[in-house]
Amino acid sequence: MDDFHKVGGKVKEVQEDFQASSKDIYKEKNTIREDTLQINELIDRVNVLATSLGSCHQVMPLVSSAEELNIELGKILSADDKTDSDRMFDLNSVDYLVACLAGGIAVLLDFLVVKIPKDMNFADNGKKYHQEGSSLTALFDRIGKNDNGKEQNWIKVLETWFKVPYDKSLHPDIPHMRPMNHRVFSLAHDPSLSGLLWAVKDLTQGTFSYIDESGILHIMKCKEGDYLKLFYAPFVWMGHIVSDIFTTQGIPIPGSSLLRKLQLGAIGDNEMTIGKMATYMYENGYNLKHLATMTISNAAIEIIVRLYYYLVKPAVSESRIMAEREYEKVMLNRKLHNMLLIAYSVSVFGDIAKICAYQGNPNAINVAIWYGFVKEAVKKLQVASRDNTVEKAIEYRHIIDENFKNLISR
């Protein structure tokens with residue numbers, strides 16, 4: 001009976017909730033009606049603006065609903081369009097011409113100056129070819145030698161001051177290692193950060209770390225370790241590298257010792273692996289001195305492209321807002337590296353042609369050119385994959401500003 005008397009109170013609560021819901025629904029209807037009126041007013045204004053623009057930069061057809069308006073705005077904002085002021089950051093025909101010219105000059109230097117490290121007879125498919133070496137590398141070879149072709153005293157002094165336990169040229173337990181190739185066996189003779197780390201290890205532990213002909217890493221104990229050498233090991237390593245650069249065989253180019261781990265491929269008549277090819281190239285003069293020769297192709301590209309870029313690039317006005325200044329700097333830098341990528345691409349194709357002209361001799365590879373190409377290609381990929389929302393927003397702002405200027409001038 002008590003429950004029955006409570007029903008009236010519950011009905012009253014339901015009625016109150018219903019009335020509150022009715023008020024909320026009425027408010028939402030009013031809000032929708034106001035929004036609809038505002039959207040219709042916006043559509044009318046957009047249609048008037050589209051009609052007024054006529055043949056201006058961006059033309060949008062008349063729309064009759066909010067859905068059509070969204071579609072047309074999406075088409076405009078997704079279009080790859082720019083103002084004339086933004087198009088100056090794209091490469092033009094002169095830019096392409098200069099970039100290709102720089103790459104072509106690099107190819108000529110590769111053929112006429114870089115060549116191969118030294119004169120050699122190269123065998124291909126049973127035929128032998130005499131190939132001329134680089135005169136510039138030969139000039140570098142004479143540095144540190146007297147008129148009789150012997151090493152000057154200062155090199156011998158450096159060798160005495162910076163003796164290291166890992167400088168072994170012959171050892172009965174290491175087949176195929178001999179004086180002309182022992183530095184490419186030794187990991188500490190690599191002129192790179194990797195070589196420095198191995199040198200510190202060998203100097204402090206009295207070891208000789210090397211990779212054998214089969215690509216296997218060995219660590220040979222030579223003498224008692226001395227961890228006090230840790231404090232001056234980098235200076236000893238650098239002094240020893242400098243003393244070896246000017247010897248007849250020189251120092252391998254960075255990474256050569258590590259390449260000997262790669263027992264892949266079957267290159268040439270002797271079906272050499274990549275590791276054995278690295279040794280073969282070093283034995284035939286592919287060393288740090290020839291790397292200096294190879295970089296003249298890179299120098300030609302960098303000098304020509306960058307000089308042209310700095311001569312023709314517009315000045316960035318410091319009076320503009322920071323966003324605009326940064327946008328211009330980013331786009332100008334992108335233009336520069338696009339030109340460098342084109343130039344290095346041309347030089348890479350030229351180097352491939354040079355290798356073919358030398359019957360596939362691996363000593364004809366210009367590793368400096370390939371390094372420049374890879375570096376610029378990686379930068380291009382980084383630019384293509386990063387978020388460019390800010391640049392696009394600024395370009396859209398420029399489009400809007402240009403359209404309003406055109407509208408006002410009508």
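All values below were derived from every heavy atom in this structure, side-chain atoms included, with hydrogens, water molecules and symmetry-related copies excluded.
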Is there a side-chain contact between [X] and [Y], using heavy atoms and a 4.5 Å cut-off?
X      : Y      : value
Met220 : His171 : yes
Met339 : Ile342 : no
Ile251 : Asn287 : no
Lys127 : Gln359 : no
Asp141 : Thr248 : no
Lys354 : Val107 : no
Pro254 : Leu288 : yes
Leu203 : Tyr166 : yes

Within 6.0 angstrom of [X] [atom1], more than 12 heavy atoms from elsewhere:
X      : atom1 : answer
Lys221 : NZ    : yes
Lys276 : NZ    : no
Tyr96  : OH    : no
Trp154 : CH2   : yes
Phe162 : CZ    : yes

What is the minimum heavy-atom distance between [X] and [Y], and which atoms define it?
X      : Y      : value
His290 : Val114 : CE1-O, 3.3 Å
Ala343 : Ile301 : CB-CG2, 3.6 Å
Trp370 : Val348 : CH2-CG1, 3.4 Å
Gly133 : Lys115 : O-CD, 3.6 Å
Gly103 : Val346 : C-CG1, 3.7 Å
Gly285 : Pro117 : O-CB, 3.2 Å

Donor-acceptor contact below 3.5 Å, side chain [X] vs main chain [Y]:
X      : Y      : answer
Lys261 : Gly215 : yes
Asn363 : Tyr286 : no
Thr295 : Asn298 : no
Asp95  : Asn92  : yes
Glu376 : Tyr344 : no
Thr207 : Ser209 : no
Lys229 : Gln205 : no

Enter the distance from [X]:[atom1] to [Y]:[atom2] here, rounded to the nearest 0.5 Å.
X      : Y      : atom1 : atom2 : answer
Ile245 : Gln249 : CD1   : CD    : 14.0 Å
Ile105 : Ser347 : CD1   : OG    : 12.0 Å
Trp198 : Leu217 : CH2   : CG    : 4.5 Å
Ser345 : Ile369 : OG    : CD1   : 11.5 Å
Leu91  : Leu97  : CG    : CG    : 12.0 Å
Arg142 : Thr137 : CZ    : OG1   : 11.0 Å

Next item on the list: List the steps and the verdict of side-chain contact (heavy atoms from CB on, under 4.5 Å) for Tyr308 and Val94.
Entry: CA-CA 10 Å; Tyr308 166 80; Val94 178; 3.4 Å; yes
Next item on the list: Determine, step by step, whether Ile365 and Asp351 satisfy the side-chain contact (heavy atoms from CB on, under 4.5 Å) criterion, reporting the C-alpha distance in whole Å, the side-chain angles of both residues, the deciding distance to 0.1 Å, and the verdict.
Entry: CA-CA 7 Å; Ile365 299 172; Asp351 192 53; 4.3 Å; yes
Hey, can you pull the donor-acceptor pairs under 3.5 Å for the side chains in residues 173-195, sequence neighbours left out?
from: Arg178; atom 1: NH1; to: His176; atom 2: O; distance (Å): 3.4
from: Arg178; atom 1: NH2; to: Glu283; atom 2: OE2; distance (Å): 3.0
from: Asn181; atom 1: OD1; to: Arg178; atom 2: N; distance (Å): 2.8
from: Asn181; atom 1: ND2; to: His176; atom 2: O; distance (Å): 3.1
from: Asn181; atom 1: ND2; to: Glu283; atom 2: OE2; distance (Å): 2.9
from: His182; atom 1: ND1; to: Pro179; atom 2: O; distance (Å): 2.9
from: His182; atom 1: NE2; to: Asp167; atom 2: OD1; distance (Å): 3.2
from: Arg183; atom 1: NE; to: Asp244; atom 2: OD2; distance (Å): 3.4
from: Arg183; atom 1: NH1; to: Thr247; atom 2: OG1; distance (Å): 2.9
from: Arg183; atom 1: NH1; to: Gly250; atom 2: O; distance (Å): 3.1
from: Arg183; atom 1: NH2; to: Asp244; atom 2: OD1; distance (Å): 3.4
from: Ser186; atom 1: OG; to: Ala188; atom 2: N; distance (Å): 3.4
from: Ser186; atom 1: OG; to: His189; atom 2: ND1; distance (Å): 3.0
from: His189; atom 1: NE2; to: His240; atom 2: NE2; distance (Å): 3.2
from: His189; atom 1: NE2; to: Asp244; atom 2: OD2; distance (Å): 3.3
from: Asp190; atom 1: OD1; to: Ser192; atom 2: OG; distance (Å): 2.6
from: Asp190; atom 1: OD1; to: Gly255; atom 2: N; distance (Å): 3.2
from: Asp190; atom 1: OD2; to: Gly255; atom 2: N; distance (Å): 2.9
from: Ser192; atom 1: OG; to: Ser194; atom 2: N; distance (Å): 3.4
from: Ser192; atom 1: OG; to: Gly195; atom 2: N; distance (Å): 3.4

Check: Who pairs with Phe140 by ring-ring contact (aromatic ring centres under 6.0 Å, His included), at least two apart in sequence or on another chain?
Finding: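 ring-ring contact (aromatic ring centres under 6.0 Å, His included) list for Phe140, sorted by chain: empty.
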Checklist line | Residues forming a ring-ring contact (aromatic ring centres under 6.0 Å, His included) with Phe208, sequence neighbours excluded | finding: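 Listed in chain order: Tyr210.
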Next item on the list: Take Val164 and Val236, measure what side-chain contact (heavy atoms from CB on, under 4.5 Å) needs, and give me the verdict at the end.
Entry: CA-CA 8 Å; Val164 291; Val236 175; 3.7 Å; yes
Next item on the list: Check step by step if side-chain contact (heavy atoms from CB on, under 4.5 Å) holds for Glu302 and Leu340.
Entry: CA-CA 7 Å; Glu302 297 288 339; Leu340 288 172; 3.9 Å; yes
Margin query: Do Lys380 and Asn338 pair up side chain to side chain, a donor and an acceptor below 3.5 Å, judged on atom types alone?
Written below: yes
Next item on the list: Would you check if there is a donor-acceptor pair between the side chains of Asn366 and Asp110 at a distance under 3.5 Å?
Entry: yes
